Structures are given as structure tokens and as C-alpha cells.
Protein chains: 2
Amino acid sequence: MILSTKGRYGLKAVFELSMNYGLGPVSLKKISSKYDMSESYLEQLFAILRKKGYIETVRGPQGGYLLAKDPKEITVGMILRALEGDITTSECISKEVCSREAVCATRVIFEKIENSINHVIDNITLADMKTEKYNLLEENNEQESIS
Amino acid sequence: MILSTKGRYGLKAVFELSMNYGLGPVSLKKISSKYDMSESYLEQLFAILRKKGYIETVRGPQGGYLLAKDPKEITVGMILRALEGDITTSECISKEVCSREAVCATRVIFEKIENSINHVIDNITLADMKTEKYNLLEENNEQESIS
DNA sequence: GCAATCCCCAGTAAATAAGTAGGGTATAGT
DNA sequence: ACTATACCCTACTTATTTACTGGGGATTGC
């Protein structure tokens with residue numbers, strides 16, 4: 001599995017904040033119960049995202065978390081990288097110096113895989129996900145309240 | 001990291017076999033020492049690939065491993081999937097039934113990531129890697145013996 | 001002032017990754 | 001036939017990562 005629960009939970013939770021953008025904070029409890037995640041675990045993920053500047057918090061009753069920027073300005077890649085670290089295939093690319101760098105054919109493959117993933121996640125914003133969601137709803141003739 | 005050593009070692013080793021396609025078997029010792037991998041560990045990876053029909057063996061002295069098919073007929077995807085299992089992002093797609101399937105916007109993202117990876121690895125054969133390698137060699141004005 | 005909420009750090013159980021170890025079987029060359 | 005070379009197979013092990021759990025502390029709206 002490419003993504004751990006960090007990335008998967010994190011993206012779902014942030015998307016939830018995105019759906020509530022402009023409508024005030026959403027509490028941890030709401031999100032974690034809606035998606036059946038551990039509250040404390042999700043809290044730790046949000047702490048990471050807060051430090052990176054993607055979300056903000058309001059403490060006290062009726063407090064919670066909210067997106068720090070417009071959903072148009074936050075990409076899926078930003079969230080996934082914050083939580084999972086850089087998407088890499090091989091240390092050969094990111095850290096290690098390959099002993100036969102110039103002739104390493106597998107390195108080329110790994111780079112292609114990485115590039116294709118990065119291309120996908122860097123070109124989808126939270127706003128795009130919202131649009132996509134409504135398209136899905138329409139396709140399935142379903143209804144759901146937004147808040 | 002997307003790939004474990006299984007996929008990374010395995011692909012490099014199989015590529016080595018591919019470079020020796022038609023020239024007789026290559027021993028485990030040669031490959032593992034060339035790429036600085038554990039011999040016994042690589043042996044286990046080769047056992048998997050043999051059972052899947054991608055490589056064959058010759059026992060006894062001067063024995064070793066060889067590709068079971070033409071490099072044109074083996075894709076990177078075949079090797080990586082044999083060793084790493086299916087490339088998935090989320091259980092939501094592969095196993096679990098998502099409780100809100102129709103409206104799961106993150107699922108769409110995960111599918112896009114998976115599709116882009118699969119597209120890359122299913123469209124590169126070992127023969128392509130070989131070509132790529134010579135291109136790299138040319139670019140760098142380097143020389144290297146093939147066997 | 002108190003309950004809801006975020007904040008932060010520490011520990012932990014389970015799974016996975018990445019090997020190690022060691023005995024067995026086949027076979028080419030002598 | 002012997003022997004060295006090589007693959008074959010199963011089991012064990014160690015380190016790391018994952019996915020939490022727990023608990024005390026700080027804020028703040030009512």
C-alpha cells in the first residue's frame with residue numbers, strides 16, 4: 001500500500017474541513033466519529049498540518065479546526081507530503097548516491113513512477129475534490145446535506 | 001517509500017538477467033555482489049519470480065538464473081506486482097467496502113494515483129529499459145562492457 | 001467556574017521489512 | 001564416483017514503522 005493511514009485519514013479529514021470552509025470550525029470529535037477514526041490519532045495528524053500552516057484552530061467550546069487557506073490553494077500533494085513525507089520509490093533517487101549513477105536503468109523507472117504520482121497529486125486541489133464530489137453525487141442521483 | 005527492497009532489488013536483478021538474455025545463466029552470487037544485496041534474500045525474491053514463470057533456473061556448476069521470456073514480453077509491472085503485490089493506495093479501493101462509496105471524493109484521488117502508477121509500470125518492458133540504458137550511456141559518453 | 005475543546009508528550013502492541021541460518025538436491029567436470 | 005558449485009526450501013530473528021492509547025495541561029465560551 002502506497003499510503004498509510006496518515007495520508008488516507010489526513011486527506012479525508014482535510015477534505016471535510018474543506019467542505020466546511022467559511023462555515024466555522026469543525027471539532028475533532030465530529031470528524032473522527034464521521035469517518036470512524038481514532039480521535040487522538042487524528043489530533044496528531046492535525047498537529048502536523050497546523051505546524052505546516054494548512055489548518056488553523058479555535059480553542060474552547062464550539063472550537064475546532066478550519067482550513068487556513070482557500071481550498072483552491074491547497075493541493076492533495078501538500079497534505080500527503082506533510083503527512084507521509086516525500087513520495088519516493090528508492091533511496092537511489094532521494095538520498096543515496098548510486099554507485100553507477102549514469103547507467104542505472106532502474107533509476108529512470110523509479111523517477112518516472114515518482115513523477116507520475118507527483119503530477120497527479122500536485123494538480124488536484126481541495127476545491128477540485130469538492131467539484132468532483134458533486135459530479136459523483138449527480139451521477140448517482142444521490143442527495144446529501146453539505147454541512 | 002513506495003517500493004520496498006523487494007521491488008527495488010528484484011527489478012535491478014531481473015534487469016541484470018535481461019542484459020544477459022541469450023547468453024546463458026547468471027549466478028546469484030554475481031548479481032548479489034554486483035549490486036551489494038544479500039544473496040539469500042535475493043534468492044527468495046527469485047523463488048517468487050520463478051514460481052510466477054518470469055525466470056528459469058539451471059542447477060549445478062555454471063548454473064544460475066535466466067529470463068524465461070523475451071525482455072520485450074516482461075513489463076516492469078509484472079515484476080513489481082509479483083514482488084510487492086498489487087499497487088494500491090487505499091483499502092477503500094481494493095478490499096474494504098466504503099460506507100459512502102458514491103460520495104467518497106478521496107477515493108477518486110486514490111484511483112487516479114493508482115492508475116497513473118499502473119500506466120507507467122505496465123508500459124515499460126525490460127527491453128525498453130535496455131534501450132534506455134544505452135541512451136543514458138551515450139548521453140554521458142561512457143563505456144561499459146555488456147556482459 | 002466548568003465543560004468543551006485543542007495541545008503535547010510518552011508509551012506500546014502488532015505488523016512488516018529485511019535479512020540470517022542451515023539443511024537439502026541437482027549436476028558439470030574430473 | 002566424487003566434489004565443488006549452484007539452486008531449493010523452510011524457519012527463525014531483529015529492527016523499524018504503524019497505528020494507535022493514555023493522561024495531564026492550556027484556553028475559552030457560556
Side-chain angles (χ1 to χ4, degrees), chain A residues 1-13 17 20 24-33 35-52 54-68 80 83-86 88-91 95-96, chain B residues 1-14 16-17 20 24-33 35-52 54-68 80 83-86 88-91 95-96:
Chain A
M1 205 130 58
I2 298 160
L3 299 174
S4 68
T5 55
K6 281 183 192 166
R8 289 184 278 133
Y9 288 7
L11 186 59
K12 284 185 186 180
L17 296 186
N20 281 271
V26 186
S27 75
L28 212 49
K29 198 174 248 174
K30 267 195 186 174
I31 301 180
S32 63
S33 69
Y35 290 100
D36 196 32
M37 301 167 183
S38 149
E39 197 175 328
S40 180
Y41 186 50
L42 185 56
E43 188 178 23
Q44 291 167 49
L45 304 184
F46 273 174
I48 295 168
L49 295 171
R50 185 173 53 80
K51 279 165 195 160
K52 299 265 183 180
Y54 300 127
I55 63 180
E56 283 170 358
T57 52
V58 177
R59 297 172 77 162
Q62 321 312 321
Y65 294 84
L66 21 73
L67 235 48
L80 294 184
L83 296 171
E84 303 267 355
D86 275 337
T88 61
T89 44
S90 165
E91 294 182 352
K95 290 179 200 166
E96 257 176 37
Chain B
M1 206 129 60
I2 296 159
L3 300 173
S4 67
T5 55
K6 282 183 192 165
R8 289 185 276 132
Y9 288 7
L11 186 59
K12 284 186 186 181
V14 166
E16 192 65 23
L17 297 186
N20 281 271
V26 186
S27 76
L28 212 50
K29 200 175 247 178
K30 267 196 186 171
I31 302 181
S32 63
S33 69
Y35 289 101
D36 195 33
M37 299 167 182
S38 150
E39 198 176 327
S40 179
Y41 187 50
L42 184 56
E43 188 178 22
Q44 291 168 49
L45 304 185
F46 272 174
I48 295 168
L49 295 172
R50 184 174 53 81
K51 278 165 195 158
K52 298 266 181 179
Y54 300 126
I55 63 180
E56 282 170 358
T57 53
V58 177
R59 295 172 79 160
Q62 321 312 321
Y65 295 85
L66 21 72
L67 234 49
L80 294 184
L83 298 170
E84 303 268 355
D86 276 337
T88 61
T89 44
S90 165
E91 293 180 355
K95 291 181 201 164
E96 256 175 38

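Just so it is clear, the structure is predicted and the values come from calculations on it, not from any experiment. Sequence lines set the chain letters: A, B, ... in the order given, protein chains first and strands last, and positions in each chain run from 1.
Where B/T57 and A/Q44 meet DNA chain D, the nucleotide closest to each residue was compared, and B/T57 sits on the side nearer the 5' end. Of the two residues contacting DNA chain C, namely B/S38 and A/G63, the nearest-nucleotide position lying further toward the 5' end is that of A/G63.
Residue contacts for B/Y65: at a heavy-atom cut-off of 4.0 Å it reaches the sugar-phosphate backbone alone, with no base atom in range.
For the pair A/L83 CG and D/dC20 P, the interatomic distance rounds to 14 Å; values are reported in whole Å. The CG-C1' distance, from B/L42 to D/dA6, rounds to 14 Å in whole Å. We find that CD1 of A/I2 is positioned 14 Å from P of D/dT18, with the value rounded to whole Å. For A/Y9 and D/dT18, the OH to C1' distance is 11 Å, given to the nearest whole Å. One atom, CG of A/L45, and another, P of D/dT18, lie 12 Å apart when rounded to the nearest Å. The distance between atom CG of A/L3 and atom P of D/dT17, rounded to the nearest whole Å, is 17 Å.
Dashed line: the shortest gap from a side-chain N or O of A/T5 to OP1 or OP2 of D/dA19 is under 4.0 Å.
Applying the side-chain hydrogen bond (donor to acceptor under 3.5 Å, both in side chains) criterion to A/S4, with sequence neighbours excluded, gives A/E84. Legend: residues meeting side-chain hydrogen bond (donor to acceptor under 3.5 Å, both in side chains) with B/T57, ordered by chain and number and at least two apart, are absent. Applying the side-chain contact (heavy atoms from CB on, under 4.5 Å) criterion to A/Q44, with sequence neighbours excluded, gives A/S40. Take B/S27 and apply the side-chain hydrogen bond (donor to acceptor under 3.5 Å, both in side chains) test, not counting sequence neighbours, and it matches no residue.
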Inset, instruction - For each nucleotide in nucleotides 23-30 of chain D, reading 5' to 3', give B when a protein heavy atom comes within less than 4.0 Å of its base, S when such contact involves only the sugar-phosphate, and - otherwise. - result: --BBBBB-
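Residues B/L67 and B/V14 form a side-chain contact, since some pair of their non-hydrogen atoms from C-beta on lies under 4.5 Å apart. A heavy-atom distance below 4.5 Å is not found between the side chains of A/K30 and A/Y65. The shortest distance between side-chain heavy atoms of B/L49 and B/L83 falls below 4.5 Å. Looking at heavy atoms from C-beta onward, A/F46 lies in side-chain contact with A/L17 at the 4.5 angstrom threshold.
Heavy atoms only, all atoms of each residue included: A/A13 and A/I31 are closest at CB-CG2, 3.9 Å.
Of all nucleotides in DNA chain C, those with any atom nearer than 4.0 Å to a heavy atom of chain B start and finish, going 5' to 3', at C/dA18 to C/dA28.
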